[in-house]
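Everything below concerns the one structure shown next.
Remember, predicted model here, so these are calculated numbers, not experimental data.
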Amino acid sequence: QVQLVESGGGSVQAGGSLRLSCTASGNTYSSRYMGWFRQFPGKEREGVAVIYTGGDSTDYADSVKGRFTISQDNAKNTVYLQMNSLKPEDTAMYYCATRNAVWIRYALRPSEYDAWGQGTQVTVSS
């Protein structure tokens with residue numbers, strides 16, 4: 001069993017920044033995928049950014065490239081999502097997810113992940 005706890009959501013004006021944190025505990029491998037996903041009301045969950053903890057490789061959705069950065073602190077079993085230049089269209093519930101795997105072909109695909117956090121709301125006002 002893997003537990004994920006997210007924090008850092010909130011409300012911000014357009015152009016502002018937020019940093020989300022996700023800490024994993026339980027049966028986590030040192031090399032695994034961790035990612036951030038978001039869900040708009042009435043829409044399916046979509047991938048935002050993922051990181052492979054065993055090698056620091058990352059991948060981003062086109063909509064956030066150049067604005068969001070995913071990073072990790074292995075000693076704390078924590079990944080971060082630094083969100084800059086936020087836009088109203090970034091408003092969503094953000095979820096952290098993980099999977100104990102050394103390779104995932106479609107790492108931004110939510111169906112590839114088997115452990116999820118409760119989510120944290122991000123609201124960006126214009």
Side-chain angles (χ1 to χ4, degrees):
Q1 291 284 348
V2 177
Q3 293 80 42
L4 299 172
V5 177
E6 303 123 328
S7 62
S11 297
V12 66
Q13 289 193 327
S17 299
L18 284 173
R19 190 177 81 155
L20 307 182
S21 300
C22 174
T23 299
S25 62
N27 185 26
T28 57
Y29 293 0
S30 59
S31 296
R32 64 189 182 278
Y33 280 80
M34 289 190 72
W36 288 96
F37 301 79
R38 65 187 180 185
Q39 190 165 17
F40 306 109
K43 301 287 188 180
E44 292 189 356
R45 204 166 292 185
E46 64 179 38
V48 176
V50 298
I51 188 167
Y52 175 59
T53 66
D56 257 354
S57 63
T58 58
D59 198 8
Y60 295 89
D62 289 342
S63 59
V64 306
K65 284 179 181 176
R67 300 189 299 122
F68 292 10
T69 302
I70 189 168
S71 62
Q72 61 173 325
D73 184 335
N74 279 339
K76 296 181 179 180
N77 260 359
T78 298
V79 294
Y80 305 96
L81 185 67
Q82 179 66 44
M83 305 185 293
N84 298 328
S85 302
L86 282 160
K87 305 174 181 180
E89 51 264 43
D90 294 317
T91 296
M93 184 69 78
Y94 284 71
Y95 297 89
C96 177
T98 191
R99 178 178 162 187
N100 290 329
V102 297
W103 186 71
I104 299 176
R105 181 173 183 179
Y106 301 110
L108 284 169
R109 189 175 289 179
S111 60
E112 296 286 355
Y113 294 78
D114 54 15
W116 292 84
Q118 293 298 310
T120 184
Q121 177 69 35
V122 171
T123 302
V124 185
S125 58
S126 57

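W36 and L108 are assigned to two separate hydrophobic clusters, defined by single-linkage of ILVMFWY side chains at heavy-atom distances under 4.5 Å. V2 is connected to Y94 through a chain of hydrophobic side-chain contacts under 4.5 Å among Ile, Leu, Val, Met, Phe, Trp and Tyr, so both are in one cluster. With hydrophobic clusters built from ILVMFWY side chains whose heavy atoms lie under 4.5 angstrom apart, I70 does not share a cluster with Y113. Cluster membership for W103 and V50, using ILVMFWY side-chain heavy atoms within less than 4.5 angstrom, is shared.
Take E6 and apply the side-chain hydrogen bond (donor to acceptor under 3.5 Å, both in side chains) test, not counting sequence neighbours, and it matches no residue. Judged as a salt bridge (Lys or Arg N to Asp or Glu O under 4.0 Å), and not counting sequence neighbours, R45 has no contacts.
Applying the side chain to side chain donor-acceptor pair (under 3.5 Å) test to pairs two or more places apart or on separate chains, those with a residue in residues 58-67 are R38-S63, D62-K65, R67-D90. Under the side chain to side chain donor-acceptor pair (under 3.5 Å) criterion, the residue pairs touching residues 12-21 are S17-N84, with sequence neighbours excluded. Residues in residues 2-69 take part in these disulfide bond (SG atoms under 2.5 Å apart) pairs, two or more places apart or across chains: C22-C96.
Panel note: side chain T91, backbone P88; a donor-acceptor pair is recorded below 3.5 Å. Between the side chain of N100 and the backbone N or O of N27, at least one donor-acceptor pair lies under 3.5 Å.
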Problem set entry | Working for side chain to side chain contact (heavy atoms under 4.5 Å, CB included), residues L81 and M83 | CA-CA 6 Å; L81 185 67; M83 305 185 293; 3.8 Å; yes
For this session: Evaluate the side chain to side chain contact (heavy atoms under 4.5 Å, CB included) criterion for residues R99 and R32: first the C-alpha distance (whole Å), next the side-chain angles of each, then the deciding distance (0.1 Å), finally the verdict.
Result: CA-CA 6 Å; R99 178 178 162 187; R32 64 189 182 278; over 6 Å; no
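Atom-to-atom distance recorded for T98:OG1 and D114:CG is 7.5 Å, nearest 0.5 angstrom. In this structure, CG on L4 lies 10.0 Å from OG1 on T78, to the nearest 0.5 angstrom. How far CD of Q72 is from CD1 of I51: 4.0 Å, rounded to the nearest 0.5 Å. Rounding to the nearest 0.5 angstrom, the gap separating the CG atom in L20 from the OG atom in S7 is 8.0 Å.
Taking the six-membered ring for Trp, Y95 and F37 have ring centres at least 6.0 Å apart.
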Pair up each side-chain donor or acceptor in residues 117-126 with any protein partner under 3.5 Å, not counting sequence neighbours, and list the distances.
residue : atom : partner : partner atom : Å
T120    : OG1  : G9      : N            : 3.2
Q121    : NE2  : A92     : O            : 3.3
Q121    : NE2  : T123    : OG1          : 3.4

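Counting heavy atoms from C-beta outward, F40 and E46 have side chains that approach closer than 4.5 Å. The shortest side-chain heavy-atom distance between T69 and Y80 does not fall under the 4.5 Å cut-off.
Smallest separation of non-hydrogen atoms from V12 and L86: CG1-CD1, 3.6 Å.
Between Y33 and Y52, the ring-plane angle classifies as tilted under the 30° and 60° cut-offs.
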